[in-house]
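Input: a single structure, listed below in structure tokens.
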Amino acid sequence: MVKEVMRKAPKRPEIVEELKKLIGSRKVSNNLTDLISYSHDYWPITFTWLLNGSLPALPDVVVFPEDARDVIQVVKFAYNNDVPLYVYGGGSGVLGGAVPEYGGIVMDIKKFREIKINDIDMYVEVGAGANGMILEEFLNRHGFTLGHFPQSLYTSTVGGWINTKAIGQFSVKYGGIEDMLLGLEVVIPPGELLEIKPNPRAAVGLDLKQLFIESEGLFGVLTKAYLKIWPYPEKRILLSYVSDNLEDALKSVREIMLSGAKPAVIRVYDKIETLKWFHMIKKAKGKVGTIIILEGDEDLIEAEKIIVNKAFKNALSTGEEPAKYWLENRFNVKEISDYLPLGIIIDTIEISVGWSKAIELYNDVINAIRSVDGTLIAFAHASHFYPQGVCFYFIFGGLPSNKSSVLDYYNDVWESVMSTVIKHGGAISHHHGIGRMRANWVEKNMGKVAYHLFKKLKQCIDDKGILNRGNMGV
Amino acid sequence: MFEMFKDKWILEALKGSSLGTKLSAIKKFIVDKSKIDNLTKCALCPNMCRFACPVSVVHARETTSPSGKSRIALFLKKNYIEKNETNIRPLYYCLACDSCSVSCPYNFSVNELIRPLRENYYKLAIYPQELRELITMLKEFKCIYNLSNKKPDIKNEENINIHEALLYPGCIMMKYYPNNTNVLSKLLEIMDLSVKVFSEMIDCGFLAYELGAHELFLEIASELANKINSYNAKYLITVCPECTFTFRDVYHDFKIKLRPKIYHIAEFINERMEGFALKQNLKVTIHDSSTLAIKLKKPNLLNDILKRIEGLEVILPVRYGLNTFEIVGENSFLYWVDRDLAYEINKERGEELSKFANNIIVASFAAKKSFEDLGYGVKEISEFIWDLINGLGESK
């Protein structure tokens, strides 16, 4: 018998037959196996429950729409019957954003996976359920790239990227998903299809696309997106450097960012993580490693290489190997599989901050994690950069002592990191979003007025609060 | 000493933790690490191989995604959910193609992880009802079809005492393309082999094995092996990648001895085509078999053969080689469990290939049958080569 940890509403079995009548029984399931599969995303703490047969919350029913009409019908049904509706893509979110805590309907949008390239206007029209790797391979075969490589590329969907404001490993050159999004189609309550056509730029009233970026399913059901594409890069240059300390490495990267050069990848590892990614470089021990990948037009990246070398003139150049190693291993995600069954909880926290506070914040967050009893590991890298600042990606792992539970340890680390980031004026999330894990800190980080406006917008668009009920605390 | 500690950087990373925490962790690594089973590891993965799984891509549901299946399998194994026909059904939404293993950091095949559960449930007579007919056929005829009235379209030369090669047509070829045995024999003879055709309709046991019907598999495989060995052939030539895999790997695992050296016809052609100056002015694309590419580690076999044909333009599809996209033949249990999904998967692949060329070259008669059913122009590699040798090929 499976147990539900977070479910907050009574069961509504009566909606199953009604939905079957509405869109066809083939597209509706209340099989226990389906309810289990859609009860969680990739929020690490919930996987500790899963191992014991407990799940966050089972939905009452799962629907599998095949076109926009199906989506409209289900949204209308949910609206008219006040049934919570949760949208599900690849389930790779790490903060519980897709957990159906009030039950109701989970809608899987992965059937929306058509891909059409417009090679004159340089965009791809793609279903919101399309898988990232399938999209990128398709583009590559036709001579293009999206330039969007989140670590979840193999499993996540286009709709998930937009809903969480995702970013990829090649972000310095290609930007985040918000820089790629030209247009979209989304079904909003009470059941209308909103279409925003792709244009290079538009100054026609409010840019409504922005409502759906990092909205985590609160405002509508995304069915299609129009994303910018680029010619497949002509050439790639792999570089790496070892600096004496984090300050020096970040100073070099800042110089590159201010020069106007756009390396595709820049990754600065702290002293601990440098040992992992620069293990083949003996001189890297006790230092800070940086990987840089340039790609695109050959003349352009040769010029960028000169700028990069100049910025790292005081560091040791360590060749292609660390970047090669990273390219080969960047999608090996196995930490949770390896350590969770041992009772060791592993998680990541990504934040952003201006250059002026970057080092102080890094040190304070590492110390905050270390201060929680049970912490085994705490380290970080910086992997997304802007002329104004940096995103740090912290990785922690802990084995709670006998006195505290895994959940207590986990919550204590999150509390200590979030409050440290807020104290320094940073953003509590850079690209994973909020979900249920970060909901408690959103108001503090956004500010009261902004959060109030956010809630008002939610009320305005989804007055019955059917969409992703409970998420972000809205 | 401990797997985690092989990576020295972790030792450095642990330096910052308290002594008590460090000691607890070390105890865990010593006592518990080796106890984590592979199914659990797969169930805890965020589905990093889902893009490569044809079932997951086309069915587009979490429950039949690779890690989704492992999670359900884990819940069944731990008795968190009841073992009934509905709950075990996701375990049969698999093509046994091992595409998942290619991008898995552990190289897991989800099929390998969940087959033991199918074996347990088969023993308990719990399996999707659609498989009943198939299982009855396997028990009664030792084949997925009743082919008792089918015979190969060839008369074996009785005056040759020692035949170098035994051609094993397999179930799909015998049901749908029995005339091709003649073509294949002639092709092998041109390649300097004396050939006999295996004429009894016993299948290789692949489906029985994959279903987890291991006693039934042993019964089929033992009888077949005895008969094959009685021919005293030097080579056993198969036309089906699944037969090749079963004879080469599964029989070996079950300690069933096959004396002849086992070849898939494409492997044999690849070895012996040197003397033939083949020419063809044509544009083709290929559908690589996942069994040849992944299980038998021959990812470039079709392309290696075709690129030696002068004038032939081979247009590679989006998914080929190790990254091929398997289709559903009648020798896959998904075909029997969910015919609509099988059709959708094949249609998806056919549409992809037809965007690159009108002529599809395949390495199995099961694939030929599936593409033909959808109306695509398709040739199995041996018949394609035979037509070229005889000047029967189409031109651009």
Side-chain angles (χ1 to χ4, degrees), chain A residues 1-2 29 31-34 36-38 42 47 50-51 53 62 64 88 90-92 108 110-111 113 129 131-134 137-138 140-141 152-155 271-276 279 331-334 336-344 366 370 373-379 398-399 401, chain B residues 3-4 7-10 12-18 20-22 24-25 28-29 32-33 35-37 40-52 57 59-65 67-68 71-72 74-75 78-82 86-87 89-90 103 105-106 316-319 323 340:
Chain A
M1 189 68 186
V2 294
S29 172
N31 286 345
L32 178 61
T33 49
D34 283 326
I36 288 171
S37 298
Y38 292 92
Y42 203 60
F47 274 64
L50 188 137
L51 286 177
V62 186
F64 306 96
Y88 206 99
S92 61
D108 188 326
K110 285 196 286 293
K111 279 279 182 189
R113 57 194 184 91
N131 170 281
M133 185 59 173
I134 290 175
E137 281 185 336
F138 185 87
N140 293 170
R141 181 64 183 79
S152 64
L153 182 75
Y154 291 178
T155 186
K271 288 181 180 178
I272 296 292
E273 215 181 338
T274 294
L275 295 168
K276 176 182 179 182
H279 64 90
F331 294 119
N332 282 353
V333 178
K334 52 196 278 203
I336 290 193
S337 296
D338 274 344
Y339 300 120
L340 210 65
L342 298 177
I344 297 170
I366 292 289
R370 289 234 168 268
D373 185 34
T375 294
L376 277 170
I377 52 169
F379 48 84
L399 181 62
S401 65
Chain B
E3 195 190 328
M4 188 184 187
D7 293 326
K8 285 181 186 167
W9 71 276
I10 287 284
E12 291 292 326
L14 286 173
K15 275 183 181 169
S17 61
S18 71
T21 304
K22 234 181 314 207
S24 303
K28 290 268 181 196
F29 298 142
D32 298 335
K33 189 87 192 331
K35 292 184 198 161
I36 309 172
D37 63 295
T40 301
K41 286 185 179 176
C42 181
L44 292 175
C45 171
N47 250 323
M48 294 296 274
C49 61
R50 75 176 342 145
F51 72 93
V57 170
H59 203 217
R61 297 183 178 200
E62 286 305 299
T63 311
T64 51
S65 67
S67 291
R71 285 170 203 147
I72 296 303
L74 188 68
F75 269 48
K78 292 196 167 196
N79 294 316
Y80 295 150
I81 57 174
E82 193 190 334
T86 310
N87 288 349
R89 196 173 172 83
S103 54
Y106 303 102
L316 295 174
V318 178
R319 298 173 278 202
N323 300 317
D340 291 341

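Here is how names work: the chains are called A, B, and so on, in the same order as the sequence lines, proteins then strands, and each is numbered from 1. All values reported here derive from a predicted model rather than from experimental measurement.
To the nearest 0.5 Å, the span separating OG1 on T63(B) from CD1 on I36(A) amounts to 8.5 Å.
At least one donor-acceptor pair under 3.5 Å links the side chain of R141(A) to the backbone N or O of L316(B). Side-chain N or O atoms of S37(A) include none that pairs as donor or acceptor with a backbone N or O of E62(B) at under 3.5 Å. Put simply, the side chain of Y42(A) never gets that close to the backbone of N47(B): no donor and acceptor are under 3.5 Å apart.
Residue contact with chain B, scored on non-hydrogen atoms closer than 4.5 Å, involves the side chain of F64(A) exclusively. Of the two parts of A43(B), only the backbone, made up of N, CA, C and O, holds a non-hydrogen atom closer than 4.5 Å to a non-hydrogen atom of chain A. Both the backbone and the side chain of D34(A) have a heavy atom closer than 4.5 Å to some heavy atom of chain B. Only the side chain of T40(B) comes within less than 4.5 Å of a heavy atom of chain A; its backbone N, CA, C and O stay farther away. Only the side chain of P90(B) comes within less than 4.5 Å of a heavy atom in chain A; its backbone stays farther off. In this structure, the portion of T375(A) lying under 4.5 Å from any heavy atom of chain B is its backbone and not its side chain. With a 4.5 Å cut-off on non-hydrogen atoms, L340(A) touches chain B through its side chain but not through its backbone. Of the two parts of Y38(A), only the side chain, counted from C-beta on, holds a non-hydrogen atom closer than 4.5 Å to a non-hydrogen atom of chain B.
Within the 4.5 Å cutoff, no side-chain heavy atoms of K15(B) are placed close to those of I272(A). Side-chain contact check for L51(A) versus L44(B): some heavy-atom pair is nearer than 4.5 Å. No side-chain heavy atom of L32(A) sits less than 4.5 Å from a side-chain heavy atom of T86(B). Proximity of R89(B) to T33(A): side-chain heavy atoms (C-beta onward) are nowhere separated by under 4.5 Å. R61(B) places none of its side-chain heavy atoms less than 4.5 Å from the side chain of Y88(A). The shortest distance between side-chain heavy atoms of L50(A) and Y80(B) does not fall below 4.5 Å.
Counting heavy-atom pairs closer than 4.5 Å to chain B, the top-ranked of the candidates S92(A), G91(A), G374(A), G398(A) is G374(A). For the set P46(B), A13(B), P105(B), the count of heavy-atom pairs under 4.5 angstrom toward chain A peaks at P46(B). For chain B, the option among N332(A), N131(A), L342(A) with the highest count of heavy-atom pairs below 4.5 Å is L342(A). Contact count versus chain B (heavy atoms, under 4.5 Å) is highest, among S29(A), G132(A), G90(A), G343(A), for G90(A). The residue among R370(A), E137(A), K271(A), H279(A) with the most heavy atom pairs within less than 4.5 Å of chain B is R370(A). Of the listed residues C45(B), G20(B), S103(B), G68(B), the one with more heavy-atom pairs under 4.5 angstrom with chain A than any other is C45(B). Residue with the most contacts toward chain B among V333(A), I336(A), N31(A), I366(A): V333(A) (heavy-atom pairs, distance under 4.5 Å).
The two residues Y106(B) and S337(A) come nearest to each other via the heavy atoms OH-CB, 3.3 Å.
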